[in-house]
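Chain A is the first sequence line, chain B the second, and so forth, proteins listed ahead of strands; every chain is numbered from 1.
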Number of protein chains: 2
Amino acid sequence: MERSRRARQKPATIHDVARLARVSKSTVSNVIRDVPGVNPETRERVQEAIRTLEYRPNVVARQLVQQRTTLLGIVIGDLSNPFYAEMAKFVESFAAAHGYQLMFCNTQVDENTELDGIRSLIEHRVAGLLFLAYAGDAESARQAVGEQLPIVFLTCDAGWGDVVAVDDFAAARAGTQHLIDLGHRRIAYFADTVHEARAERARQGGYALALQEAGLTPSILRWHDRPQLVEAGGSICTIQTALTAPERPTAIFAANDLHAVDILDAADQASLRVPEDLSVVGFDDIAISRIARINLTTIAQPKEALARLAVDLIVGRIGGKVQGAHQRHSLPFTLLQRRTTGPSPAP
Amino acid sequence: MERSRRARQKPATIHDVARLARVSKSTVSNVIRDVPGVNPETRERVQEAIRTLEYRPNVVARQLVQQRTTLLGIVIGDLSNPFYAEMAKFVESFAAAHGYQLMFCNTQVDENTELDGIRSLIEHRVAGLLFLAYAGDAESARQAVGEQLPIVFLTCDAGWGDVVAVDDFAAARAGTQHLIDLGHRRIAYFADTVHEARAERARQGGYALALQEAGLTPSILRWHDRPQLVEAGGSICTIQTALTAPERPTAIFAANDLHAVDILDAADQASLRVPEDLSVVGFDDIAISRIARINLTTIAQPKEALARLAVDLIVGRIGGKVQGAHQRHSLPFTLLQRRTTGPSPAP
DNA sequence: TTGAAAGCGCTAACAA
DNA sequence: TTGTTAGCGCTTTCAA
C-alpha cells in the first residue's frame, strides 16, 4: 500500500475513497463532514478506506465550492521588531482557535512589494485582512483591497476599516507628561520613519500637545542612516552629537521600544548616564525592555487583548455577526515607570 | 459602477469579464496569463472590462485546476524569539521573490496544536513545508506530513527531509572551547527545554565533547519555572542560587541568545559581574545581542544565507529541479567574541 | 440511508 | 486569433 501511494504521486481524492469503500462520493463527503445519518457500518468502511489511502480532504476544492476560505491575511510591518512578532503570535493562536489560518506578507522592503503582497492575499480570497502596521500609503492599499472583505487595523490605523489599538495620542501625551513632571524642559521625540504612518503621527501629536501645554518647544529626531546619522531639526549629524550638543535634549520619547533601545545604546557609547543625564521613554513594552540591563520606562500595550479583540472582530465580520459601520476599539495603555527616567539634570 | 459592485457582494468572475468584453472565457484567461497571440484590441477590451469590474483572478480555482499551489507552509517554534522572527522574515522575502506565499503555524502551545497546524497546512495543499524548529516529536509530525511533499528543516533537524543549518555540534564545541581557553573549569550548559529537540541535542553534545576533551565535568542547567526556578543536576533551585553557590559555574554556554540574556539578567540581579565573575556565551546573534548593554559573545548563524538556501532548495524540489536523496547543507557559523566572556576568576 | 448530478472559477487541450 | 469543452475535488441539493 505504502509503496503504491508513493508511486502514484498524487494524493488520494474523495473519489478514490468512494471506490474503495464501494459507496458514492456523497457518502464519503458525509462521513468527512460528520453529517449525521450515515449507517455506522458504512461509516466504518469509509473510514477504513480513508486510512488505507491516507486520504486528506483537499481544502482548495472545498474552498472553491463553498465560496469561502478560512484564511486570514496578515500584513506585518516588520517581523524583526519583537512587538510585531509577539502580536503576530497572539493573532495566530486566536485565529487558529477560530479555525482560521494565517497567510502573511511582510512589507518591509518597499511599497510595491507590499501592494503585490496584498493583491496576492486578495487573489487567494482571504476571508479577512489584518493590518499590523504598514509601510505604503493608504490610498493605494485601499484600492488594492477593494471593498469586499473585512479589514481590521491592529495597533495602527488608516482611516478605513475597523481599528483595534490603544489611544496612541493619549498614550504619547502621558509618556511625555511623565517627562515634563520630572522637570525636563528639552524633550525630543524620536520618530519612526518607516512604519505606522498614522499611529506614528498620533504619537507625535500627543507628544507635541503635551509640550505645547507646558510651553515647551518640540524637537523631532529620526534616523537618517542607522546606526550613525540622525536628522534633527532639518540637519544631519551623528546621534552622539545630537545627544551631547549644548542644546541637547535631557529626555527622549521614542516612537517605540526598539528606537528607545537605540537611544540607550547611543547614550552608552557617548558615556551619557541614563537616567541621570538622559531620560528615555519607549512605547510597546517588548520583552527585552523588562530585563535589568534595559529596564525601560515605556508605554505598554495590552498585546494579547488587542490581538484577541481584533480576531474576534474580524471573525465576527466574516461570519456576519458583526455588521455596520467601522468600529474603533481603544484599549487601555499603561505607563510602566522603570529605570530609564529620572529627574532632569540641573542646567 | 462602484455602487453595484458593492451591492453585488460577490467578486466578479472570469465569466463576467468575458460577457462584458464580449469574448470567451478562454480569451480572458489568455489575457490574464499573458499568453501571446491575443489581438491587441481584444486585449484592451478585456483589460477595460477587468478594470471596470475590478476583477481579480481567483487563485483558489486556479490552484484546483493546476493541481498545485504557490503556498509554502512554515512551522515556527516561537515567533517571540527574535531569531525565528528574523528567519521568518528572510524566508518570507525569498519566498515572495520566487512567487510563493507563506502560510504559517506557530507551534508554541502544545504538540496537538502543532499537529493540527501541520494537518491544516497539508490539507491546504501547500507545495512544501519548512520547519523552523518544532515542538512535537518527530514521528507524529512525520506521519501527519506523509510522504508527498518536499520538507526542509531550517536551523533544525528531525532526521527526515532536507536540512539547512549550521553544524550545531561543532559550533557548540567551539563556543565551549572558547570558554575553556579562557581558563574556565566549571562551565555549565543552559539548555532550552522547549525547542529544537535535535539541534538542541547536537549543541549539548558539542558542549559535552569539548568538556570531556578538557577533562571537565558537564553540568546542565534548564528553566524549571521561568524566571525564578532552574533545574540543575536534578534538583530545583532559584537561578540566583545556581549562579552563586560555592560550586557555581564561572561560565555558561547558553543554548540560544534569549537564554543567555536570561543569565545576564539573573547575574545582574545576583550582583555578579559579567565577565569578571561569570562568562556567558550565547547562540544565534539576535539583534539585541549587539547593543552595548548586552554585547554578548555568541555563535552567529548566517541567517540570510540559511533562509535563501532553504527557499532555493524547497522551490527546487517543488519544481523538480532538485531531486534525489535528502540533502544536508551545513553553513559556516562564526564565534563573535564580544564582552560577556573573559578569563576565569581566580578560584 | 445512499446516490446522481450540477456546479464553484479557472486552465488547457483542441477545434474552428 | 478565438471559442468550445472537459475537467480539477469537492459540497449540496434532490431523488431514489
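- Atoms NZ (A:K10) and C1' (D:dC8) sit 8 Å apart, rounded to a whole Å.
- The CG-P distance, from A:D34 to D:dT11, rounds to 12 Å in whole Å.
- For the atom pair CD of B:Q67 and CZ of B:R125, the computed distance is 9.0 Å after rounding to the nearest 0.5 Å.
- Relative to the side chain of A:T27, the nucleotides D:dT11, C:dG3, C:dT11 differ in distance, and C:dG3 lies closest.
- For A:Q63 and C:dC10, the CD to P distance is 14 Å, given to the nearest whole Å.
- Backbone-only contact: B:V38 has heavy atoms under 4.0 Å from sugar-phosphate atoms and none from a base.
- Across the protein-nucleic acid pair, B:R68 atom CZ and C:dT11 atom C1' stand 10 Å apart, rounded to whole Å.
- B:N30 places its CG atom 10 Å from the P atom of D:dG3, with the value rounded to the nearest Å.
- Here C:dT1 is the nucleotide among C:dT11, C:dG3, C:dT1 with the atom lying nearest to any side-chain atom of A:T42.
- A side-chain donor from one of A:Q101 and B:S120 sits under 3.5 Å from a side-chain acceptor of the other.
- Taking atom CD on A:Q67 and atom P on C:dG9, their separation rounds to 4 Å, with Å as the unit.
- Electrostatic pairing of B:R51 and B:E44 counts as a salt bridge here, judged by a charged N lying under 4.0 Å from a carboxylate O.
- Nearest to the side chain of B:T13, among D:dG3, C:dG9, D:dC10, sits C:dG9.
- For the pair B:N39 and A:R33, both in contact range of DNA chain D, the more 5′-proximal nearest nucleotide belongs to B:N39.
- In this structure, CG of A:N58 is placed 6 Å from C1' of D:dG9, rounded to the nearest angstrom.
- Between B:Q66 and C:dC10 there is no side-chain polar atom (N or O) within less than 4.0 angstrom of OP1 or OP2.
- Remark: A:S29 is not in phosphate contact with D:dT12, judged by side-chain N or O atoms under 4.0 Å from OP1 or OP2.
- Residues B:S26 and B:P36 each lie close to DNA chain D; by heavy-atom proximity, the contact nearer the 5' end of the strand is made by B:P36.
- Residue A:H15 contributes atom NE2, which lies 12 Å from atom P of C:dG3 at whole-angstrom precision.
- Residues A:I318 and A:Y100 form a side-chain contact, since some pair of their non-hydrogen atoms from C-beta on lies under 4.5 Å apart.
- Contacts of B:V60 with the nucleic acid, taken as non-hydrogen atoms under 4.0 Å apart, are absent.
- Residues A:D16 and A:R19 have side chains in contact (heavy-atom distance under 4.5 Å, counting atoms from C-beta outward).
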